[in-house]
Number of protein chains: 2
Amino acid sequence: MSGGRSGERTYSISELAAEFDISPRAIRYYEERGLLTPRRSAGNQRVYTRRDRRRLKLILRGKRLGFSLDEIAEMIGMPETDLTEVEQIRRSLAYGRSKLEEIARRKKELAELEQDILATMETLEQTLDRLSKEGASHDPR
Amino acid sequence: MSGGRSGERTYSISELAAEFDISPRAIRYYEERGLLTPRRSAGNQRVYTRRDRRRLKLILRGKRLGFSLDEIAEMIGMPETDLTEVEQIRRSLAYGRSKLEEIARRKKELAELEQDILATMETLEQTLDRLSKEGASHDPR
DNA sequence: CTTTACGTTGACGTAAACGTTAAGTTTGAG
DNA sequence: CTCAAACTTAACGTTTACGTCAACGTAAAG
């Protein structure tokens, strides 16, 4: 009876590991690094709430985008700050803005990379066209 | 007089290192990994052409986007394939297409991350508004 | 020709992000 | 209750991407 009704769906470590296709060790490591703080069962086993699951999702997204765990910690640590301290909130907002800028930069880099690849592919396609139209006999100058 | 007129501007390793704000060691490491293959001077020193410089730029862009050197090697190794072997060209094109798909995925993830951050920031701003409007006295329920 | 800055190849060191045992504990099926 | 499956901590191993000497060669300035 103590502390809210428990309609909360929870997950074990191997459940989450299977769902996201990572190892339990990786999840424990994220906890070591302070990125996750699941509760424990009576027998000391980790219990993950939906909120923990959402955080894990964010962690993995950050990883796929090439952020380090330290950077991710800062990013998702953002909503962790005491939601009462005004100055903390201001800082979080500033940090959020800087992250948005970084995202803008990455978008730009992705676009440039895409252009590079497209350009290279066009050259290749032209070469392919030329080779197939010329057949095998040609004076190589 | 031997081998083409040398209107080619070249660079030393420390020039490139300074320009891109990385260490010469890093550049040598990229070479160890097969990502760069500069020519050598009479005295065995590395000489980088504009083409090498472009490749280095691509390497660094890939790094900023969180690709591993192996992945980058595959990506920029693409234009390295013998430009005469038709089958090689076909494979390169297929590889290019897969990379474009990956870029599309990353764009999507960046957009989602952006939304997450924006949503969090909105919540923070609302909290800030509420706190400043309520002053300091309020019954915390 | 000497000095000084820059370059070369090893070779070992290191931080990040886990993988991999090992040795013991908890949980759930029967 | 029993036993296997899943969990726990602790500790050492591994890969990636360099950093950091060391010991030597080379380029260029005076």
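Fair warning: this is a prediction, and the values are worked out from it, not measured in the lab.
Protein atom CG of B:L69 is 18 Å distant from nucleotide atom P of C:dA16, rounded to whole Å. The distance from atom OH of B:Y48 to atom P of C:dC6 is 16 Å, rounded to the nearest whole Å. Remark: C1' of C:dA17 and CD1 of A:I59 are 13 Å apart, rounded to the nearest angstrom. Atom pair A:I72:CD1 and C:dA17:C1' shows a separation of 11 Å (rounding to whole Å applied). Atoms CD (A:E32) and P (C:dA16) sit 13 Å apart, rounded to a whole Å. Counting to the nearest Å, the C1' atom of C:dA15 and the CD atom of A:E71 are 14 Å from each other. Across the protein-nucleic acid pair, A:Y30 atom OH and C:dG19 atom C1' stand 13 Å apart, rounded to whole Å. The interatomic distance linking A:E31 (CD) with C:dC18 (P) rounds to 14 Å, in whole Å.
Side-chain contact between A:L113 and B:M75 is present, with at least one heavy-atom pair separated by less than 4.5 Å. No side-chain heavy atom of A:R106 sits under 4.5 Å from any side-chain heavy atom of A:I103. At least one side-chain heavy atom of B:L69 sits less than 4.5 Å from a side-chain heavy atom of B:K63. Annotation: side chain of B:K99 is in contact with side chain of B:F67 (closest heavy-atom distance under 4.5 Å).
In terms of hydrophobic clustering, with Ile, Leu, Val, Met, Phe, Trp and Tyr side chains grouped at heavy-atom distances under 4.5 Å, B:V47 and B:F20 are assigned to different clusters.
Contact check on B:R25 versus B:E32 returns a salt bridge, with a Lys/Arg side-chain nitrogen under 4.0 Å from an Asp/Glu carboxylate oxygen. A salt bridge is defined here as a Lys NZ or Arg NE, NH1 or NH2 lying under 4.0 Å from an Asp or Glu carboxylate O, and A:R39 with A:D52 fails to meet this definition. Taking 4.0 Å as the cut-off between side-chain N and carboxylate O, A:K108 and A:E101 do not count as a salt-bridged pair.
When heavy atoms are screened at a 4.0 angstrom cut-off, A:R46 is found touching the sugar-phosphate backbone but no base atom. Here B:R33 lies in heavy-atom contact (under 4.0 Å) with sugar-phosphate atoms only.
Heavy atoms only, all atoms of each residue included: B:I59 and B:I76 are closest at CG1-CD1, 3.6 Å.
For A:E122 (side chain) and A:A119 (main-chain N/O), no donor-acceptor pair under 3.5 Å exists by modelled atom type.
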Walk me through whether B:L58 and B:L35 qualify under side-chain contact (heavy atoms from CB on, under 4.5 Å). CA-CA 10 Å; B:L58 277 177; B:L35 293 169; over 6 Å; no

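Proximity of A:Y29 to the phosphate of C:dA16: no side-chain N or O atom is located under 4.0 Å from OP1 or OP2.
Checked against D:dC18, D:dC7, C:dT9, the side chain of B:R40 finds its nearest nucleotide in C:dT9. Among C:dG19, D:dC18, C:dT8, the nucleotide with an atom closest to any side-chain atom of B:R28 is C:dT8. Of the candidates D:dA17, C:dA17, D:dA11, D:dA11 carries the atom nearest the A:R25 side chain, counting heavy atoms from C-beta on.
Side chains of B:Y29 and B:R33: a donor-acceptor N/O pair is present below 3.5 angstrom, by distance only.
End-to-end axis angle for the helix from C:dC1-D:dG30 to C:dG30-D:dC1, using five pairs per end and rounding to 10°, comes out at 20°.
Within residues 13-24 of chain B, the residues that have a heavy atom under 4.0 Å from DNA chain C are, in order of number, B:I13, B:S14.
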Nucleotide N/O of nucleotides 23-30 of chain D paired with protein N/O under 3.5 Å:
residue : atom : partner : partner atom : Å
D:dA27  : OP1  : B:G43   : N            : 3.4

